[in-house]
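Report on one structure; see the data block that follows.
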Amino acid sequence: MTQALQLLRDGPVAHLRMSRPQVHNAFDDHLVAAMTEALVAIGADAAVRVLVLEAEGPSFSAGADLNWMRGMAAASEEANRIDSLALARLMRTLDELPKPTIAAVQGAAFGGGVGLVACCDIAIGASEAKFGLTESRLGLLPAVISPYVINAIGPRQARRYFATAEIFDAAEALRIGLLHKVVNATALDNAVQRQIDLLLNAGPSASANAKRLVRDVVAHSDGARHDADNAALIARLRVSPEGQEGLTAFLEKRKPGWAR
């Protein structure tokens with residue numbers, strides 16, 4: 001970890017905290033690399049069952065750091081391509097992390113910060129939080145984060161907010177699907193903890209693979225193949241150790257071994 005990023009552990013829960021409050025937790029190449037490295041390690045750690053992505057200070061993330069942007073504006077197209085691929089790897093690593101993820105959004109999220117929120121499985125925001133896909137103000141577009149944002153808010157809303165760069169509040173973020181829940185700032189920690197508790201009471205493998213199932217269902221175009229794949233999946237789960245324990249615990253009216 002670096003001063004800009006902290007990894008805190010609470011048993012099976014990992015808290016990855018952006019810690020650049022002086023620049024509103026904006027990205028630079030160092031933070032992008034550190035976050036990607038940390039996420040890869042978390043994904044490979046069998047002891048971690050839930051990841052909470054959070055931030056220090058009044059803002060969640062302002063997107064790209066101004067000094068970083070200044071440097072990239074003076075760089076070659078090839079250098080910009082390589083730089084953008086690093087950010088793309090961060091977003092894909094978070095989106096495909098083999099653990100359930102929660103975004104705890106305590107403040108403003110702009111540009112790439114919105115991308116981080118969209119990549120998480122569960123997103124809870126404070127009512128004071130603001131959001132914006134502000135790239136078009138600079139003559140740019142949120143290209144790297146677009147797959148995840150479009151998946152979260154849908155193409156209709158994306159066409160509006162990608163083009164206008166307008167700022168919207170937490171209530172609008174909830175309405176369009178970027179957030180799952182909005183709470184008062186003082187209730188944010190409790191709301192996040194409730195989701196953690198729910199995830200820790202679910203089967204570890206089941207909760208970790210839920211996103212893969214959703215992704216596969218959305219991607220399928222062959223209905224018969226889709227049915228066969230889903231039938232094979234549930235059959236594997238039913239005879240797996242986790243599935244056997246879950247079914248047995250249900251029939252015996254007790255908690256499964258993984259539950260708190």
Please collect all ring-ring contact (aromatic ring centres under 6.0 Å, His included) contacts where either partner lies in [range], sequence neighbours excluded, each pair once.
| range | answer |
| --- | --- |
| residues 137-181 | F131-F168, Y161-F168 |
| residues 72-109 | none |
| residues 188-208 | none |
| residues 4-62 | none |

Closest heavy-atom pair and its distance - [X], [Y]:
| X | Y | value |
| --- | --- | --- |
| S61 | A26 | OG-CA, 4.4 Å |
| G132 | V114 | O-CG2, 3.6 Å |
| V117 | A109 | CG2-CB, 4.5 Å |
| A152 | A118 | CB-CB, 4.0 Å |
| G57 | P21 | CA-CB, 4.1 Å |

In Å and rounded to the nearest 0.5 Å, what is the [atom1] to [atom2] distance from [X] to [Y]?
| X | Y | atom1 | atom2 | result |
| --- | --- | --- | --- | --- |
| L179 | E172 | CG | CD | 10.5 Å |
| L5 | E37 | CG | CD | 9.5 Å |
| S19 | N25 | OG | CG | 7.0 Å |
| L53 | L16 | CG | CG | 6.0 Å |
| M91 | C119 | CE | SG | 5.5 Å |

List, one per line, each side-chain donor-acceptor pair under 3.5 Å for residues 63-79, sequence neighbours excluded.
residue : atom : partner : partner atom : Å
D65     : OD1  : N67     : N            : 2.8
D65     : OD1  : W68     : N            : 3.1
N67     : OD1  : R70     : NH1          : 2.6
W68     : NE1  : D83     : OD1          : 3.1
S76     : OG   : A79     : N            : 3.1
E78     : OE1  : R81     : NE           : 3.0
E78     : OE2  : R81     : NH2          : 2.7

Same cluster for [X] and [Y] if Ile/Leu/Val/Met/Phe/Trp/Tyr side chains link at under 4.5 Å?
| X | Y | result |
| --- | --- | --- |
| M35 | L7 | yes |
| L178 | V105 | yes |
| V23 | L90 | no |

So, the side chain of [X] versus the backbone of [Y]: is there a donor-acceptor pair under 3.5 Å, distance only?
| X | Y | value |
| --- | --- | --- |
| N184 | A187 | no |
| S207 | A202 | no |
| D28 | L31 | yes |
| Q106 | A126 | no |

Inset, instruction - Identify, with sequence neighbours excluded, every residue that meets side chain to side chain donor-acceptor pair (under 3.5 Å) alongside E245. - result: R254
Residue pairs involving [range] (criterion salt bridge (charged side-chain N to carboxylate O under 4.0 Å, His left out); sequence neighbours excluded):
| range | answer |
| --- | --- |
| residues 147-156 | none |
| residues 139-148 | none |
| residues 188-202 | D197-R260 |
| residues 125-144 | none |

Inset, instruction - Flag the pair P204 / E242 as yes when at least one side-chain heavy-atom distance between them is below 4.5 Å, and no otherwise. - result: yes
Inset, instruction - Kindly indicate whether the side chain of R20, heavy atoms from C-beta on, has any atom under 4.5 Å from the side chain of M18. - result: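 A side-chain contact is absent here, since even the closest heavy-atom pair is not under 4.5 Å.
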Legend entry - Within 6.0 angstrom of K181 NZ, more than 12 heavy atoms from elsewhere: no
Inset, instruction - Flag yes if more than 12 heavy atoms outside R159 fall under 6.0 Å of its CZ atom; otherwise flag no. - result: no
Inset, instruction - Please step through side chain to side chain contact (heavy atoms under 4.5 Å, CB included) for the pair W258 and N201, ending with a clear verdict. - result: CA-CA 7 Å; W258 62 73; N201 278 302; 5.6 Å; no
Return all side-chain donor-acceptor pairs below 3.5 angstrom for residues 93-101, not counting sequence neighbours, or 'none' if the list is empty.
residue : atom : partner : partner atom : Å
T93     : OG1  : R89     : O            : 2.6
E96     : OE2  : R92     : NH1          : 3.1
K99     : NZ   : D45     : O            : 2.7
K99     : NZ   : V48     : O            : 2.8
T101    : OG1  : D121    : N            : 2.9
T101    : OG1  : D121    : OD2          : 3.1

Legend entry - Note: E54-R17 ion pair, threshold 4.0 Å (strictly below): yes
Inset, instruction - Any chance you could pull the hydrophobic cluster mates of L200, using side-chain heavy atoms under 4.5 angstrom and chaining through other members? - result: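 V13, V50, V52, I102, I122, I124, V183, L188, V192, I196, L199, all in the cluster of L200.
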